[in-house]
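For reference, the structure discussed in these notes is given below.
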Amino acid sequence: MVDAHGRRDTYGRPDGPPRHLRGNTVIRAAKPAAALAALALTILTAPAVPAAGVTALPPAAAATADPLAALRGQQPRWHPCATSPEDTAGAELDAAGAACTELTVPLDYRRPDGRTTGVALARLPATDQARRLGTLFYNPGGPGVPARDLALTLRRAAPGLAARYDIVGMDPRFVGASTPLDCGWPTAGPGSAGPDRLTFDRSAEVAKGLAARCAPYRELLPHISTRNTARDMDLVRAVLGEKTIAYLGSSYGSYLGEVYLQLFPGHVGRAVFDAAMDPDRFGPDLTATQGPAMAAALTAWAAWAARHDDRHHLGSTTAEVLAAVERVRLAAGRAPLAVGTHRVDARALPQVLWTVAAGDDAAAHEEFSALVRVLADAAEGRPAEPTALLEAVLSGLTAPDAGGYAAVQTAIMCADRAASRDPLAYYRDIQAHRADEPLFGPLTRNLTPCTFWPAEPAEPPTLVRNAVPVLLVGADGDPAATYPGQLSAHRALTGSRLVTLRGAFRHTVYAGLFAPRDACVDTAVDRYLLDGVLPVQDTDCPAARP
């Protein structure tokens with residue numbers, strides 16, 4: 001779910017080709033490929049010239065005593081969501097009765113009478129208006145994933161919620177329809193550091209080059225933060241005339257919810273964080289915690305593959321299957337593996353194998369097993385043609401950053417927390433973990449463009465500490481929002497209850513949005529959002545064995 005640092009991504013089960021970025025395990029990739037489409041706009045940065053999509057307040061508004069109050073009083077101009085005959089996602093929203101609008105927000109909330117930008121949102125009215133509870137904001141994750149079109153995804157997955165709440169999906173600032181940022185990256189990120197200093201240096205050069213491509217927008221970069229997105233949400237809440245909102249956030253959306261809860265505790269009615277992120281670590285280097293969780297997910301898959309050795313012949317025990325993966329790793333370290341027209345080297349392999357995080361159901365395991373079988377054939381020198389999934393992954397690794405998705409994801413994380421500016425600090429960390437994290441460590445611990453970023457965060461990270469009631473749900477084997485991180489969020493949110501899906505290796509757990517549906521989890525979430533009843537204590541739900 002997922003990061004845009006070029007290290008890899010774990011997006012649930014996206015319909016479109018996966019982008020394997022480094023931090024994308026903290027992110028939920030949306031199922032509809034259209035959710036990743038973004039209109040590329042040129043943003044000027046000369047101080048006297050507002051950027052495209054970033055405007056100066058009208059003189060009358062700038063002269064008022066409280067310009068933010070003026071923005072809260074703006075009247076939304078609702079219109080159909082489809083922007084063209086080819087806009088199928090917008091057409092689906094329109095057919096479902098949604099309306100879309102764009103609202104003006106300050107670029108920098110510390111200077112609310114200064115430059116502004118816009119955020120786009122869609123609102124789906126509650127299907128049972130007579131019993132309407134209010135407005136529920138939904139963020140599926142990212143950072144950098146558009147949320148506007150995914151309001152309909154939530155309605156379809158959770159019709160009970162859709163009956164009682166107006167559902168609002170807001171594209172965060174500089175994402176999707178909200179005047180996106182596009183640095184024109186030729187690739188999504190630096191990927192893995194590889195097996196040695198030479199390959200690490202190559203990844204560092206890629207990261208440095210990507211950061212340089214964002215330098216023309218250095219005046220905007222400090223303001224593309226989660227704190228400002230949370231402030232945008234609250235301004236939208238005020239414009240919509242809601243005293244409080246309900247909130248559902250998945251993966252990165254949980255971190256956005258944590259920040260909103262901290263900044264605006266009195267404006268939250270009921271909130272659910274699915275796959276909660278560690279609020280004390282969220283930022284460019286969060287992925288450094290994910291190696292052990294990824295190894296555990298790989299081991300869980302290996303146990304499944306061993307039980308189905310008759311189909312993929314990777315080994316009849318968990319140890320044998322993992323040994324087959326290790327042979328692939330060692331072979332890729334000696335020479336790139338020939339897979340169809342592609343070459344899979346030691347830097348690309350961890351990104352390819354990150355696909356194991358796409359799910360823990362039988363269908364996902366079957367698909368991943370076929371992928372590993374192809375890699376094993378290539379490692380043994382046999383002809384190897386990619387499966388459909390492997391072709392999508394490998395093509396995505398060499399594809400440019402279409403629409404600026406990876407760049408804005410990186411920009412958000414760089415704005416949220418400063419990263420080390422010493423490239424060798426990352427190399428030393430990788431080397432220290434070569435033995436215990438040989439496969440995923442060079443990917444999860446590698447540097448990102450944030451090491452060379454042309455701007456510093458405008459504010460310190462948000463310290464999340466409050467007692468607002470909130471429900472946390474997640475899997476104890478989540479490879480992206482690791483369970484220690486979920487527990488950290490639970491401790492920081494002293495009013496929270498935690499529902500844990502035990503024995504599950506999936507990212508997000510509610511309503512089958514991005515992973516298999518679980519009735520126990522769904523019941524807890526629905527009971528809270530619909531009836532306001534939190535579990536009396538932390539609760540476990542046993543996961544079904546695939």
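In this chain, numbering begins with 1 at the start of the sequence shown. A quick note: this is a predicted structure, and the numbers were derived from the prediction, not measured.
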Is there a donor-acceptor pair under 3.5 Å between the side chain of W185 and the backbone N or O of L210?
yes
State, yes or no, whether a side-chain contact exists between Q74 and L235 at a heavy-atom distance under 4.5 Å.
yes
Do any N or O atoms from the side chain of Q290 and from the backbone of A480 form a donor-acceptor pair under 3.5 angstrom?
yes
Can you name the closest pair of heavy atoms from P125 and G97 and give their distance?
CD-O, 3.4 Å
Taking salt bridge (Lys or Arg N to Asp or Glu O under 4.0 Å) as the definition, give me every residue that meets it alongside E456, ordered by chain and number, with sequence neighbours left out.
R421
Taking it one step at a time, do D416 and T226 satisfy side-chain hydrogen bond (donor to acceptor under 3.5 Å, both in side chains)?
CA-CA 6 Å; D416 278 353; T226 300; 2.5 Å; yes
Heavy-atom closest pair (V239 atom, P76 atom, distance to 0.1 Å) is CG1-CD, 3.7 Å
Between L501 and V473, is any pair of side-chain heavy atoms under 4.5 Å apart?
no
Is R445 close to Y426 at the side-chain level, that is, under 4.5 Å between some pair of heavy atoms?
no
Atom CD of Q75: over 12 foreign heavy atoms under 6.0 Å:
no
Going by an N to O cut-off under 4.0 Å, is there a salt bridge joining R173 and E102?
no
Side-chain heavy atoms of Q486 within contact of L472, under 4.5 Å
no
Spell out, as yes or no, whether a donor-acceptor pair under 3.5 Å connects the side chain of S395 to the backbone of A392.
no
Is a donor from one side chain sitting under 3.5 angstrom from an acceptor on the other, for S496 and H490?
yes
Do R227 and T462 meet the criterion of a side-chain donor-acceptor pair at a distance under 3.5 Å?
yes
Under the salt bridge (Lys or Arg N to Asp or Glu O under 4.0 Å) rule, collect the residues that match up with D522, sequence neighbours excluded.
R517
On a heavy-atom basis, the closest approach of C183 and R213 is O-CB, 3.6 Å
What I'd like to find out is whether the side chain of M233 reaches to under 4.5 Å of the side chain of F264, using heavy atoms alone.
no
Relative to each other, are the rings of Y252 and Y255 parallel, tilted or perpendicular (30° and 60° limits)?
tilted
Evaluate Y217 against D182 for side-chain hydrogen bond (donor to acceptor under 3.5 Å, both in side chains), listing each step before the verdict.
CA-CA 10 Å; Y217 314 121; D182 189 346; over 6 Å; no
Salt bridge (Lys or Arg N to Asp or Glu O under 4.0 Å) partners for R131, two or more places apart:
D128
Within the 4.5 Å heavy-atom criterion, are H223 and Y109 side-chain neighbours or not?
no
In chain order, what residues pass the salt bridge (Lys or Arg N to Asp or Glu O under 4.0 Å) check against E391, with sequence neighbours excluded?
none
Note, L240 side chain near R123 side chain (heavy atom, < 4.5 Å):
yes
Does the pair Y247 and F137 meet the rule for a ring pair (Phe, Tyr, Trp, His ring centres under 6.0 Å), with working shown?
CA-CA 5 Å; Y247 181 82; F137 278 62; 7.5 Å; no
Do D526 and Y510 have side-chain atoms, one donor and one acceptor, less than 3.5 Å apart?
yes
Going by salt bridge (charged side-chain N to carboxylate O under 4.0 Å, His left out), name the pairs with one or both residues in residues 84-95, residues two or more places apart or in two chains.
E92-R156
side-chain hydrogen bond (donor to acceptor under 3.5 Å, both in side chains) pairs touching residues 272-282, sequence neighbours excluded, are D278-S488, D280-R465
Flag the pair D166 / L136 as yes when at least one side-chain heavy-atom distance between them is below 4.5 Å, and no otherwise.
no
